[in-house]
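To start, the structure itself, in structure tokens.
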Number of protein chains: 2
Amino acid sequence: MAVDRRKLIVEAATKSFSLFGFKATTMEQVAKIANVGKGTIYTFFKTKEELFDEIVNCLIKEMKFAAEESIDESKSFQENVHRALYRILEFRLEHQLTIKLFQEGREMRTPAVMEVIERIEKAVLNFIKDKIELAIEKDEIQPCEPELTAFVMIKMYIALIFDWEKNHQPLTKEMIAKTLEQHIFQGLSK
Amino acid sequence: MAVDRRKLIVEAATKSFSLFGFKATTMEQVAKIANVGKGTIYTFFKTKEELFDEIVNCLIKEMKFAAEESIDESKSFQENVHRALYRILEFRLEHQLTIKLFQEGREMRTPAVMEVIERIEKAVLNFIKDKIELAIEKDEIQPCEPELTAFVMIKMYIALIFDWEKNHQPLTKEMIAKTLEQHIFQGLSK
DNA sequence: GAATGACCAATTTAGACTTTTGGTCAAAAG
DNA sequence: CTTTTGACCAAAAGTCTAAATTGGTCATTC
């Protein structure tokens, strides 16, 4: 084959979804960008959602890779959780597609987008959960419900990065690390 | 005066806001429920928002009272934070007005309602912040940024009560207390 | 002087009409 | 044959405007 039409389509769709979001992207436009007949898209993907899902799956893989890359086995569990979560949220802010998606989810609540956001969040949860399970096995942290702990950590991170700055000065990376350290790891008890 | 028209109006408006929300409540309806001419409302309140604000201020006071009541000086700071936050969120679920308001905020983003929700959340933040400052003074907990710590605690509570059950079995009051204890107070470090 | 409801400007709603869009498929291309 | 295509269709979304509603006023009433 001269050109990989499937790849062309996926690339075109990624570009369009990143630029205009899911709802505002039309299949005709994707076809045009990909230099392909509209019908051709449907030989590879049953629906617009299926095309979207493939792209998001790819995004999730990239995200996992970025997170995994940020981990340094020689560092402590705490340090690594901080690095991974910070990297993941950084990723969200660096990639046009995630920015657009979360925006569309917030502003229009497009069902397909809401679903996909949930998938992304589940993937992050599972990633952190795995790290926690490992840390428990290696006796680096107290035993706990890994899923619940991962959930708490992520919520806290999101809150510190995205919610706090709605009413306050944004926190620096160091402040966030310190807050996580002080609250989750060290606790406040005397 | 035979009847306190102001009180009648406030009561009628409270009933209507609780039942239909802010946007779906019309001043005419409030007047009708209060058995009062529409113009009368405007002799007490300049706008619909002003009437709304008065009612919400009252709600916030009640909420503070409930929270304050739930505190037992003889118990530990941790126990009291848990009791107070649990009571506040319970309050939110017991009162038709808060239920309707948070729902309207979520679903329609009515600006006046968004503002009011922010006011409620600020009040809760300040309440907890005060308790934390007190606890630091009394040397019950480590020194920390009271506002940031209060913020983290509240976010964690909301997450554990409202967000966790979107994808999992709801947590019992005890599980929530334990999670807060384990994560915030005791920490996970070894 | 306090209370009222008819009244008004402004916003919201309803729904008829138009356009766009996801998806199909018979025909064209290879 | 298989693969690609774009005209085509039903359905969904968008647009436009006339009608209804609503927050707020104020001359009149009590």
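Note that this is a predicted model, so its numbers are computed, not measured. Letters A, B, ... mirror the listed sequences (proteins, then strands); counts begin at 1.
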So which nucleotide from [options] ends up closest to the side chain of [X]?
X: A:Y42; options: C:dT24, D:dG24, D:dT4; result: C:dT24
X: B:K23; options: C:dT12, C:dA3, C:dG23; result: C:dT12
X: A:V36; options: D:dT5, D:dG23, C:dG23; result: D:dT5
X: A:E49; options: D:dT5, C:dT21, C:dG23; result: C:dG23
X: A:R5; options: D:dT4, D:dG24, C:dT21; result: D:dT4

Euclidean distance, atom [atom1] of residue [X] to atom [atom2] of [N] [Å, nearest integer]:
X: A:Q29; N: C:dG22; atom1: CD; atom2: C1'; value: 14 Å
X: A:M27; N: D:dA7; atom1: CE; atom2: P; value: 18 Å
X: B:F52; N: D:dG23; atom1: CZ; atom2: P; value: 13 Å
X: A:K32; N: C:dT21; atom1: NZ; atom2: C1'; value: 14 Å
X: A:I41; N: C:dT24; atom1: CD1; atom2: C1'; value: 14 Å
X: B:M108; N: C:dT11; atom1: CE; atom2: P; value: 18 Å

Would you verify whether the NZ or CZ of [X] falls within 45 degrees of the ring axis of [Y] while also being under 6.0 Å from that six-membered ring's centre?
X: B:K138; Y: B:F77; value: no
X: A:R5; Y: A:F44; value: no
X: A:K131; Y: A:F127; value: yes

*Please state whether the phosphate of C:dT4, meaning OP1 or OP2, lies under 4.0 angstrom from any side-chain nitrogen or oxygen of B:T40.*
yes
*Quick one: is C:dA2 close enough that its OP1 or OP2 comes under 4.0 Å of any side-chain N or O from B:R6?*
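B:R6 to C:dA2 OP1/OP2: no side-chain N or O under 4.0 Å.
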*Donor/acceptor link under 3.5 angstrom from A:K38 side chain onto base of C:dG22*: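 Indeed, a donor on one side and an acceptor on the other fall under 3.5 Å apart.
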*Once the angle between the rings of A:H95 and A:F91 is folded into 0 to 90°, is it parallel (under 30°), tilted (30 to 60°) or perpendicular (over 60°)?*
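Parallel, since the angle between the ring planes stays under 30°.
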*asked:* If we count only N and O atoms by modelled type, under 3.5 Å, do the side chains of B:E147 and A:H168 hold a donor and an acceptor together?
replied: yes
*Considering heavy-atom distances to DNA chain C, does A:A24 or B:E28 have its closest nucleotide positioned more toward the 5' end?*
B:E28
*On DNA chain C, nearest-nucleotide positions of A:F22 versus A:G39: which is more 5'?*
A:F22
